[in-house]
Amino acid sequence: MSQKITIGMFQTGGVRPTWKMAGRETDANFTDLDYWTDLAKKCEAAGADFLFLADSYGYPTLNGSIIPTSIERNVQFSTVDAQMLMSAMASVTTSLGLVTTISTTVEKPPIVTRQYRTLDHLTKGRIGWNIVTGSGQAGSALLFGEPLMPHDDRYAKADDHVELSLKYWEGCWESDAFKHDGATGTWADPTKVHEIEHDGPYFSAKGVLVTPPSPQVTPTLFQAGASAPGRALAAKYAEAVFLAAESQALADQISDIKRLAEENGRGRDAVKCLIAGTFRVADTHEQAVADHQAVTESVTLEHAATLYAYFTGIDLLSLDFDKPIPESAANSDNGRTNVERFLGPNAPTVREILTEFRANGVMGKPFLGTAEEAVDQAVALLEETGADGLLVQPESDGSHDVFFEKVMPELRKRGLIKDAPTGTTLREQLFGEGKKLLPDAHPGARFRRG
Ligand SMILES: Cc1cc2nc3c(=O)[nH]c(=O)nc-3n(C[C@H](O)[C@H](O)[C@H](O)COP(=O)(O)O)c2cc1C
């Protein structure tokens, strides 16, 4: 590989799946602020481009109730609100990008735009929004007392949401509207602050985002959710996309997203495609394999099935283990990425899907072995798929440290990562110095005034 790759670190607002393995009890510190500020400091010191905290209101349900295994084993269950952690993490770092998820199904644009603009100020331009329609949708709908929206309607709502959000961010304040001029008593120029109007299929508004423009104006836009409408949403708005699947599925998703981005006039390089993956690295290959085995054995069949139900609403334990999941599942109103991934001519059986989820969860196979071997595998996958970087999910405090201490130096030695941050904002970190704002080819740019 000749070009530099993007490195994001991935964590949920809860504990990692391996929390119950011996020696990993410290993972349960997720309700301590120090846990998060320490993590942010470590990510920055290691030279990661950003830290992403996943978040969702959803949890695993079947037939209208929470799955007990989810509670007992903490499968996509206990979290804290990731958005609340951001300003604390910003206060102990200076260059690390910080990314959180907000679902367009659940939150409304005035709330989302005000939160991210505030965070963009507090982080001095280092914040990113991961746009999702949301995982665990069945649980989320129950929690909010709302019907589960049909899958493609959720994406139509997401499109409407992002359009209105962009109007608020880009369209309200002209770049020189904020004066803060004590001599003339002018806070802001009323001729340069505009009420935006929006009359969409899901949101209507006439209003002003009252918080003055922040360093990035619009936060760096990420997206996750690789169903067909998810890829279309990414190609329209996202500047970086999180993907997790097998090599061929990843290659197909990436070529589709980049092709659509080009068709949208944004160019193939406007969207960074980042592969989510786990590094299971040890001093010897044998030790890494043994570690992987231990992690796999810590996951029961029920745990794996609960995880799968969370993403898809499908109860694998009720299906014939020797057959693939039925094609009709492709029309599920839950998330589709993890259904579509296991359909088609070479579809695995239910037993194979359960085995895959026990070993690797939603992430695909780990990069496994010594640091050199794991980096070789990661580079091969990046080359096979045309991806632009990695979203790294360490599994425990221990593996975090191993990644920082062994894998990052190996990536650096091979010239694959930057030696120093580029610029001061997250967008510059991804696209280069000076690129603080959305590019002119982005659909948000057309809402700018003045
Ligand atoms: C690496 C990665 C991170 C994700 N992070 C989140 C998240 O934080 N919150 C969430 O609700 N969904 C997240 N998702 C997306 C969901 O898993 C799900 O695919 C999506 O919201 C539903 O869209 P779909 O029907 O296109 O699959 C993530 C996906 C990937 C691959």
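The model shown is predicted, which means the values in this text are computed figures rather than measured ones. We count ligands from 1, going down the list as the structure has it; atoms in each ligand are counted the same way. Atoms considered below: every heavy atom in the structure, side chains included; atoms not considered: hydrogens, waters and symmetry mates.
Note: Phe222 and Phe242 have tilted aromatic rings, judged against thresholds of 30 and 60 degrees for the angle between ring planes.
Within the set Gly230, Ala234, Ser227, the minimum heavy-atom distance to atom 26 (O) of ligand 1 is found for Ser227. When the options Thr101, Val339, Val362 are ranked by their closest heavy atom to atom 8 (O) of ligand 1, first place goes to Thr101. Remark: among candidates Ser103, Ala224, Gly364, the nearest residue to atom 30 (C) of ligand 1 is Ala224, based on non-hydrogen atoms.
When heavy-atom distances to ligand 1 are checked against a 4.0 Å cut-off, Ser135 comes that close through both its backbone and its side chain. Contacts with ligand 1 closer than 4.0 Å are made by no heavy atom of Asn338, backbone or side chain. Looking at Gln137 against ligand 1, nothing comes within 4.0 Å, counting heavy atoms. Neither the backbone nor the side chain of Thr12 has any atom closer than 4.0 Å to an atom of ligand 1 (non-hydrogen atoms only). With a 4.0 Å heavy-atom cut-off, ligand 1 is reached by the side chain of Val132 but not by its N, CA, C or O. Under 4.0 angstrom from ligand 1, there are no non-hydrogen atoms of Pro229.
Between the side chains of Thr100 and Gln83, a donor-acceptor pair is found at a separation under 3.5 Å.
Annotation: side chain of Glu373 is in contact with side chain of Gln377 (closest heavy-atom distance under 4.5 Å).
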